[in-house]
Amino acid sequence: MFLSGVRQDFGADELHFTDVYGGRGKWKGVPVDARVEIFDLMTGVFEAFQLPVVFQTVSRSMYSDHIELFSHTKVMPGQFWDVKSIPHFGLLFTCFQISRYFDCLQKKGPHDFPQPLPAYVDEGLAKAGAEISLPNWGRAIQGRKLTFQRSLDTPGLQLADFAAFSISRTQWLAAKQDKGTPISEADQHIMAISGRLNLLNLDRVAIDPVSFSRDDYEDYLRKDRAEKGLPEWPFTSGRAISDG
């Protein structure tokens, strides 16, 4: 119903929130207030259903922290997965995170997400319609496989796009923020949205949008790495490594 309204009002068949935020494509010329309303409506969907979100980013440095997780995985000739590939490793690590958090939910008792769950991935690493077998996590992911789809055909992927954009934008802002430069009202709004999502694997931190800077962000990352027993990376100005 929500997407039908978007299609009728704006002529957009699907929601890509990078375009909505930047006023590109179908959103070119659409007033800022109307685009903000789209973000707020989607936030309302997440809050109404308390949709759980597991967020994961992967960099080459983060890869070296966790490569032992898949060191036992045997890659057969012609197999899809390449654990040395950052995109492949990132997707596998996301599946690992989802399985871990849903196992915790299952142990706590009955909940609204019976396991195993079907898993859909936006096309890119594989073509729409492809089904890729997973090496593990059968208790959490139905059939131990991922099904790649177009977001146009699978509206749930547009929910994932919204969460991914909002959280990624928040992290990007934190990693780039110069001391003494206030965060814009638009980006403060995006950061506030991230704080309203039902995030399972990220801590919420209250900040002052006027004084917050990337130095503060890097301090949080150092503390987070120390709490996880990870080695401290040599953070340098303008280069923050996110561990998701």
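Not measured: the values here are computed from a predicted model. Residue indices begin at 1 and follow the sequence shown.
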Salt bridge (charged side-chain N to carboxylate O under 4.0 Å, His left out) against Asp153, all qualifying residues, sequence neighbours excluded
Arg150
Hits for salt bridge (charged side-chain N to carboxylate O under 4.0 Å, His left out) against Glu227, two or more places apart or cross-chain, chain-then-number order -> none
Testing the basics here: between Tyr220 and Ala206, what is the closest heavy-atom pair and its distance to 0.1 Å?
OH-O, 4.4 Å
At what distance, to the nearest 0.5 angstrom, does CD1 of Ile190 lie from OG of Ser184?
9.0 Å
What distance do Lys176 atom NZ and Ser213 atom OG have between them, rounded to the nearest 0.5 Å?
14.0 Å
Any heavy-atom pair between the side chains of Pro52 and Asn198 that's under 4.5 Å?
yes
Rounded to the nearest 0.5 Å, what's the gap from OG on Ser99 to CZ on Arg144? Could you check?
11.5 Å
Between Ser194 and Ser166 (side chain of the first, backbone of the second, donor and acceptor by atom type, cut-off under 3.5 Å), is there such a pair?
yes
Give a yes or no on whether the backbone of Phe55 and the side-chain of Asn201 come within a donor-acceptor separation of less than 3.5 Å.
yes
One should read off an interatomic distance between Ile193 CD1 and Thr170 OG1, to the nearest 0.5 angstrom, of 8.5 Å
Atom CH2 in Trp137, atom CD1 in Ile98: separation rounded to 0.5 Å?
10.0 Å
Write down the atom of Gly90, the atom of Val58, and the distance for their closest heavy-atom approach.
CA-CG2, 3.4 Å
Transitive ILVMFWY cluster of Val36 at side-chain heavy atoms under 4.5 Å: who else is in it?
Val32
With clusters defined by side-chain heavy atoms of hydrophobic residues (ILVMFWY) lying less than 4.5 Å apart, directly or transitively, does Phe2 cluster with Leu152?
no
Quick one: list whatever passes salt bridge (charged side-chain N to carboxylate O under 4.0 Å, His left out) with Asp9, sequence neighbours left out.
none
Using the test ring pair (Phe, Tyr, Trp, His ring centres under 6.0 Å), find all partners of His88 that sit at least two apart in sequence or belong to another chain.
Phe80, Trp81
Flag the pair Leu3 / Asp13 as yes when at least one side-chain heavy-atom distance between them is below 4.5 Å, and no otherwise.
no
Got a list of side-chain donor-acceptor pairs under 3.5 Å for residues 18-31, not counting sequence neighbours?
from	atom 1	to	atom 2	distance (Å)
Tyr21	OH	Arg169	NH2	3.1
Tyr21	OH	Asp187	OD1	2.6

Applying side-chain hydrogen bond (donor to acceptor under 3.5 Å, both in side chains), name anything that partners Asp178, two or more places apart in sequence or on another chain.
Arg214
Is there a path of hydrophobic side-chain contacts, each under 4.5 Å between heavy atoms of I, L, V, M, F, W or Y residues, that connects Leu197 with Leu202?
yes
So Val6 and Leu41, side chain to side chain contact (heavy atoms under 4.5 Å, CB included) or not? Walk me through it.
CA-CA 11 Å; Val6 169; Leu41 286 169; over 6 Å; no
List the residues meeting side-chain hydrogen bond (donor to acceptor under 3.5 Å, both in side chains) with Ser211, not counting sequence neighbours, and say none if there are none.
Asp208
Tell me the closest heavy-atom pair linking Lys127 and Glu123, and the distance in Å.
C-CB, 4.5 Å
Listed partners of Thr94 passing side-chain hydrogen bond (donor to acceptor under 3.5 Å, both in side chains), at least two apart:
none
Can you give each donor-acceptor pair under 3.5 Å made by side-chain atoms of residues 156-165, sequence neighbours left out, with the distance rounded to 0.1 Å?
from	atom 1	to	atom 2	distance (Å)
Gln158	OE1	Leu15	N	2.7
Gln158	NE2	Ser151	O	3.0
Asp161	OD2	Phe17	N	2.9

Quick one: which residue pairs count as a salt bridge (charged side-chain N to carboxylate O under 4.0 Å, His left out) with a foot in residues 84-93, not counting sequence neighbours?
none
Is a donor on one side and an acceptor on the other found under 3.5 Å between the side chain of Gln188 and the backbone of Ile183?
yes
Applying salt bridge (charged side-chain N to carboxylate O under 4.0 Å, His left out) as the test, list every pair that has at least one member in residues 32-58; sequence neighbours left out.
Glu47-Arg196
Report the relative orientation of the aromatic rings in Phe93 and Phe96; use parallel for angles under 30°, tilted for 30 to 60°, perpendicular for over 60°.
tilted
Report the distance from atom CG of Leu199 to atom OH of Tyr101, rounding to the nearest 0.5 Å.
10.0 Å
So Leu125 and Ile132, side chain to side chain contact (heavy atoms under 4.5 Å, CB included) or not? Walk me through it.
CA-CA 10 Å; Leu125 282 182; Ile132 306 298; over 6 Å; no
Report the C-alpha distance between Leu91 and Leu146 in whole Å, list the side-chain angles of each, state the deciding distance to 0.1 Å, and finish with yes or no for side chain to side chain contact (heavy atoms under 4.5 Å, CB included).
CA-CA 10 Å; Leu91 182 52; Leu146 303 177; 3.8 Å; yes
Check whether any side-chain heavy atom of Ile167 sits under 4.5 Å from a side-chain heavy atom of Val53, and report yes or no.
yes
Which heavy atom of Ile86 sits nearest a heavy atom of Ser59, and at what distance?
CD1-O, 3.9 Å
